[in-house]
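Before any comments, here is the structure.
Bear in mind the structure is a predicted one, so any value in this text is a computation, not a measurement. Numbers for residues simply follow the sequence, beginning at 1.
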Amino acid sequence: MPSSTTETATAGSPVPPGTRPRFRAGREGRKFRGPGSVGPLGLGVAVLWLSVIVLLPLAALTVQSFDAGLSGFWDAITESRAIATFKVTLVVSIAAAVINLFLGTLIAWVLVRDEFPGKRFVNALIDLPFALPTIVASLVLLSLYGPASPIGLVFNATKPAVIVALLFVTLPFVVRAVQPVLIELDQDVEEAAASLGANNWTIFRRIVLPVLLPAVLSGGGLAFARAIGEFGSVVLIGGNIPDDTQVASQYIRELIEYDRPIDAAAISVVLLAIAFAVLFVLRIIGNRLARREEQLS
């Protein structure tokens with residue numbers, strides 16, 4: 001939302017045709033393909049490292065999930081407990097991602113466009129979930145919202161408690177995805193639109209939002225992918241109640257404790273497939289939106 005200097009605009013005023021915010025020279029400079037290629041050796045090392053760290057473990061997990069055959073895999077993922085766990089995981093993960101999609105964008109906007117005391121501290125605070133052990137976050141949330149709540153707000157062992165825990169660990173993904181785009185946005189187009197009579201909401205909806213949308217979708221997708229596999233932050237505050245607050249990561253641990261590693265691998269593969277599909281689709285949508293904005297600008 002543009003600064004208060006643009007508030008003299010009227011509600012129904014149109015945005016100038018063809019106006020789109022352009023990025024500053026820093027982004028334009030990154031389109032230049034100059035010297036500095038790592039060459040075949042660097043490319044080989046990167047591919048090898050990616051294979052060792054990511055591809056081989058995923059391949060091993062997938063192979064293990066089919067050790068009991070296709071029927072065993074299907075039985076593991078369609079068991080009543082598994083289906084209930086998937087439903088709970090998807091509901092709380094989607095809720096956390098959607099909430100943070102809006103609030104994370106708002107926080108990123110405030111950090112970029114507004115000045116206030118303690119701004120640097122708040123900006124550093126955003127990254128705290130990355131550094132803080134998630135089990136500590138769950139303990140803190142349980143102390144705050146559990147039976148001994150100092151503020152009299154008790155809702156542990158409920159879905160809202162799980163969502164709050166996921167909101168804590170996924171907020172930085174949206175903020176840090178949107179913030180760089182806001183920093184590089186050229187505000188001259190916004191000021192031009194305001195001078196022609198567009199109000200704040202019209203400027204945001206017609207000019208700023210189309211440019212922000214790819215980054216917002218990317219951040220929301222990363223938040224969702226993190227949420228469906230989260231364990232530490234929900235282990236205490238969630239209560240691990242089957243068919244109610246038990247998420248997939250807790251069910252996987254339960255399967256391992258009962259010496260059912262093949263079933264645990266099958267559940268893990270389903271989570272990986274869901275996360276990959278969501279990120280892949282959002283990446284395609286984001287790229288198309290970005291190309292369309294470049295053509296319009």
P210 to P214 - nearest heavy-atom pair and separation: O-CD, 3.5 Å

L255 CG to I267 CD1 distance, which is reported to the nearest 0.5 Å: 6.5 Å

Same apolar cluster: L271 and V63, side chain cutoff 4.5 Å: no

Nearest-0.5 Å distance that lies between atom OG1 in T202 and atom CD1 in I207: 9.0 Å

Co-membership, hydrophobic cluster, residues L272 and I262, 4.5 Å side-chain: no

Derivation and outcome, side chain to side chain contact (heavy atoms under 4.5 Å, CB included), residues V122 and F116: CA-CA 10 Å; V122 173; F116 54 90; 4.1 Å; yes

Short side-chain to backbone donor-acceptor contact, S51 and L55, under 3.5 Å: no

Linked, directly or transitively: V181 and F173 (ILVMFWY side chains, under 4.5 Å): no

By side chain to side chain donor-acceptor pair (under 3.5 Å) - contacts of R205 (at least two apart): none

Test item: S218 side-chain N/O and A215 main-chain N/O as donor-acceptor pair under 3.5 Å: no

Polar side-chain atom of S65 near backbone of V269 as donor-acceptor pair, under 3.5 Å: no

Pairs meeting criterion side-chain hydrogen bond (donor to acceptor under 3.5 Å, both in side chains) with involvement of residues 257-267, two or more places apart: E79-R260, R260-D263

Centroid separation W74 to F66 less than 6.0 Å: no

Greater than 12 external heavy atoms within 6.0 Å of K119's NZ: yes

Pairing residues for T89 by the side chain to side chain donor-acceptor pair (under 3.5 Å) criterion, not counting sequence neighbours: none

Side-chain heavy atoms of F280 within contact of I285, under 4.5 Å: no

Shortest non-hydrogen separation from I163 to A95 and the atoms involved: CD1-CB, 3.8 Å

OG-CD1 distance between S268 and I77, expressed to the nearest 0.5 angstrom: 12.0 Å

Pairwise distance CD1(I228) to CD1(I274) - rounded to 0.5 angstrom: 5.5 Å

Nearest non-hydrogen partners of A157 and I241, listed with the distance: O-CD1, 3.8 Å

Spacing of F231 atom CZ and Q250 atom CD [to the nearest 0.5 Å]: 6.0 Å

Shortest non-hydrogen separation from A82 to A76 and the atoms involved: CB-O, 3.4 Å

Verdict with reasoning, Y145 to V154, per side chain to side chain contact (heavy atoms under 4.5 Å, CB included): CA-CA 5 Å; Y145 302 119; V154 179; over 6 Å; no

Min side-chain heavy-atom separation L90-F224 under 4.5 Å: yes

Under the side chain to side chain contact (heavy atoms under 4.5 Å, CB included) test, residues paired with F102 that sit two or more places apart: V98

Side chain proximity check, L185 to L182, heavy atoms < 4.5 angstrom: yes

ILVMFWY cluster, L212 and W201 together (side-chain gap under 4.5 Å): yes

Backbone N/O of D243 and side chain of Q246: donor-acceptor pair under 3.5 Å: no

Partner residues of S233 under the side chain to side chain donor-acceptor pair (under 3.5 Å) criterion, sequence neighbours left out: E230

Donor-acceptor contact below 3.5 Å, side chain K159 vs main chain V88: no

hydrophobic_cluster_shared for L282 and I284, side chain cutoff 4.5 Å: no

For A96 against L166, the heavy-atom pair lying closest together: CB-CB, 3.7 Å

Pairwise distance CG(L142) to OG(S149) - rounded to 0.5 angstrom: 10.0 Å

Salt-bridge contact E190-R113 (side-chain N to carboxylate O under 4.0 Å): yes

Below 3.5 Å, can you tabulate the donor-acceptor pairs from side chains in residues 123-135 to any protein atom, sequence neighbours excluded?
| residue | atom | partner | partner atom | Å |
| --- | --- | --- | --- | --- |
| N123 | OD1 | R176 | NH1 | 2.9 |
| N123 | OD1 | Q179 | NE2 | 3.2 |
| D127 | OD1 | R176 | NE | 2.9 |
| D127 | OD1 | R176 | NH2 | 3.3 |
| D127 | OD2 | R176 | NH2 | 3.1 |

Whether T158 side chain and F155 backbone form a donor-acceptor pair below 3.5 Å: yes

Side-chain donor or acceptor of N156 paired with backbone N/O of I237 under 3.5 Å: no

Any donor-acceptor N/O pair, T85 side chain to V247 backbone, under 3.5 Å: no

Member of V169, V175, L167 meeting the side chain to side chain contact (heavy atoms under 4.5 Å, CB included) criterion with L171: V175

Residue pair V174 / A223: nearest heavy atoms and the distance that separates them: CG2-CB, 4.3 Å

